[in-house]
Amino acid sequence: MSKVCIGDKNSFAIEYDFIDDERYTELAMYVNNKNILEFDRDGENCTTCWNLDEIAEWLRKFIDNMNNDPYPVEAEGRYASEKDDNAREFDSDDDDEFDRYYDTLDEWCLRHRWHPASSGGILADVYFQAVDDIVEISWNNRDMEEYITYKYDFGGDTVDKHVFYEVVDSFLKEYAKHWF
């Protein structure tokens, strides 16, 4: 199979190619003409390529439950990746307060950050957050393995919520049809 692109790369698109019997899928995600999954590994330009079953499951759960769910603590930043980066500087001598704070952040991140569902693949650390009629997509790839350099290491952008849903839903249906 050759690469298939769903959506418009100039706003939001997912480009994919189903690779082999190992269930590998090459994946690119374009936000305003930037493949936010693009990285350099040992001098070679790459994008995510792995068994994406967990990511597909995570994305399905996210798009089926897209509600306004603001970042859970006050933190500097325009997008979730920046807020999360800044919020992680919190400290307290009160162990219970410390645990509650980080448990709250971690629970929110499980709903909005797909990286824990990477199954060990090389995957950009991307956050998704629905806010009214848009989806904020942000990324923080500054702390990745030293042999991996993401083209877009830190930032964010917005996508129309309906466009986001339609593109992701179409991709997930094709993924399920091909692999399952």
Side-chain angles (χ1 to χ4, degrees), residues 6-15 27-39 47-48 50 52 54-92 97-145 148-172:
I6 301 170
D8 177 359
K9 290 180 181 180
N10 293 314
S11 59
F12 180 69
I14 292 178
E15 184 177 72
L27 185 69
M29 182 176 285
Y30 290 89
V31 180
N32 290 324
N33 213 29
K34 293 181 265 193
N35 175 8
I36 63 172
L37 307 183
E38 186 176 357
F39 62 92
T47 192
T48 295
W50 198 250
L52 301 179
E54 272 192 76
I55 289 297
E57 183 180 329
W58 187 94
L59 280 168
R60 172 55 63 198
K61 189 173 181 180
F62 179 77
I63 67 168
D64 288 347
N65 297 291
M66 278 195 299
N67 299 315
N68 286 351
D69 183 14
Y71 194 76
V73 299
E74 287 295 319
E76 288 269 330
R78 181 170 177 200
Y79 297 111
S81 61
E82 187 176 7
K83 290 176 185 176
D84 197 53
D85 193 46
N86 291 328
R88 300 283 171 176
E89 295 174 13
F90 175 80
D91 198 6
S92 174
E97 177 186 36
F98 183 88
D99 290 345
R100 272 191 312 277
Y101 180 87
Y102 282 101
D103 287 348
T104 299
L105 295 185
D106 293 343
E107 288 168 14
W108 187 91
C109 282
L110 284 174
R111 294 188 305 274
H112 296 275
R113 182 177 163 239
W114 73 356
H115 203 266
S118 68
S119 298
I122 299 171
L123 181 68
D125 197 358
V126 181
Y127 296 72
F128 302 88
Q129 182 179 1
V131 180
D132 300 324
D133 292 333
I134 62 168
V135 173
E136 292 181 353
I137 302 173
S138 59
W139 49 91
N140 182 355
N141 300 308
R142 296 184 295 193
D143 294 329
M144 293 296 179
E145 302 292 330
I148 303 289
T149 306
Y150 277 86
K151 183 171 183 178
Y152 304 102
D153 67 340
F154 191 76
D157 219 321
T158 60
V159 175
D160 177 272
K161 187 176 185 178
H162 300 292
V163 170
F164 179 84
Y165 181 89
E166 290 195 18
V167 168
V168 173
D169 184 58
S170 294
F171 165 70
L172 293 174

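Nothing here was measured: the structure is a model prediction, and the numbers come from that model.
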Task: side-chain contact (heavy atoms from CB on, under 4.5 Å) involving A56 - partner list, sequence neighbours excluded - done: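 Checked A56 against side-chain contact (heavy atoms from CB on, under 4.5 Å); matches are L172, Y175.
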Task: Residues which pass side-chain contact (heavy atoms from CB on, under 4.5 Å) with D133, listed by chain and number, not counting sequence neighbours - done: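 Not a single residue meets the side-chain contact (heavy atoms from CB on, under 4.5 Å) criterion with D133.
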Task: Partner set under salt bridge (charged side-chain N to carboxylate O under 4.0 Å, His left out) for E136, not counting sequence neighbours - done: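 Expected list: none.
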- [ ] State which residues pass salt bridge (charged side-chain N to carboxylate O under 4.0 Å, His left out) with D85; sequence neighbours excluded, sorted by chain then number.
- [x] R142
Counting distance only, does the side-chain N/O of [X] pair as donor-acceptor with the main-chain N or O of [Y] below 3.5 Å?
X: Y150; Y: A124; answer: yes
X: Y102; Y: F90; answer: yes
X: N35; Y: M29; answer: yes

For the residue pair [X] and [Y], what are the closest heavy atoms and their distance?
X: N32; Y: N10; value: OD1-O, 3.1 Å
X: L27; Y: T47; value: O-OG1, 2.6 Å
X: F62; Y: A130; value: CZ-N, 4.2 Å
X: F39; Y: T48; value: CE2-N, 3.9 Å
X: S11; Y: V159; value: O-CG2, 4.4 Å
X: V167; Y: G7; value: CG2-CA, 3.9 Å

Atom pair [atom1]/[atom2] of [X] and [Y] - distance to nearest 0.5 Å:
X: D106; Y: Y101; atom1: CG; atom2: OH; value: 10.5 Å
X: D125; Y: D143; atom1: CG; atom2: CG; value: 9.0 Å
X: T149; Y: N141; atom1: OG1; atom2: CG; value: 10.5 Å
X: T104; Y: D99; atom1: OG1; atom2: CG; value: 10.5 Å

- [ ] Give the intermediate values and the outcome of side-chain contact (heavy atoms from CB on, under 4.5 Å) for residues F164 and I137.
- [x] CA-CA 10 Å; F164 179 84; I137 302 173; 3.9 Å; yes
TODO: Please collect all side chain to side chain donor-acceptor pair (under 3.5 Å) contacts where either partner lies in residues 54-69, sequence neighbours excluded, each pair once.
DONE: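 Matches after skipping sequence neighbours: E54-S119, R60-D64, R60-D169, N68-D132, D69-R111, D69-H112.
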Open item on the list: Please list all pairs meeting side chain to side chain donor-acceptor pair (under 3.5 Å) that have one or both residues in residues 71-83, counting only residues at least two apart or in different chains.
Closed with: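 Checked against side chain to side chain donor-acceptor pair (under 3.5 Å) - neighbours excluded - the pairs reaching residues 71-83 are Y71-D84, S81-S138.
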Task: Passing candidate, ring pair (Phe, Tyr, Trp, His ring centres under 6.0 Å) with F128, options Y165, W139, W114 - done: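 Of all the options given, the one that passes is W114.
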Open item on the list: Between V131 and T158, is there a side-chain heavy-atom distance shorter than 4.5 Å?
Closed with: no
Open item on the list: Contact between Y127 and C109 at the side-chain level, heavy atoms closer than 4.5 Å - yes or no?
Closed with: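 Heavy-atom side-chain distance check passes, below 4.5 Å.
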Open item on the list: For V168, run the side-chain contact (heavy atoms from CB on, under 4.5 Å) check against I63, I6, V135, V163 and tell me which one passes.
Closed with: I63
Open item on the list: Is it the case that atom NZ in K151 sees more than 12 heavy atoms from other parts of the structure closer than 6.0 Å?
Closed with: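 Incorrect, the count does not exceed 12.
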- [ ] Mind running side-chain contact (heavy atoms from CB on, under 4.5 Å) on I55 and W50 for me, showing each step along the way?
- [x] CA-CA 10 Å; I55 289 297; W50 198 250; over 6 Å; no
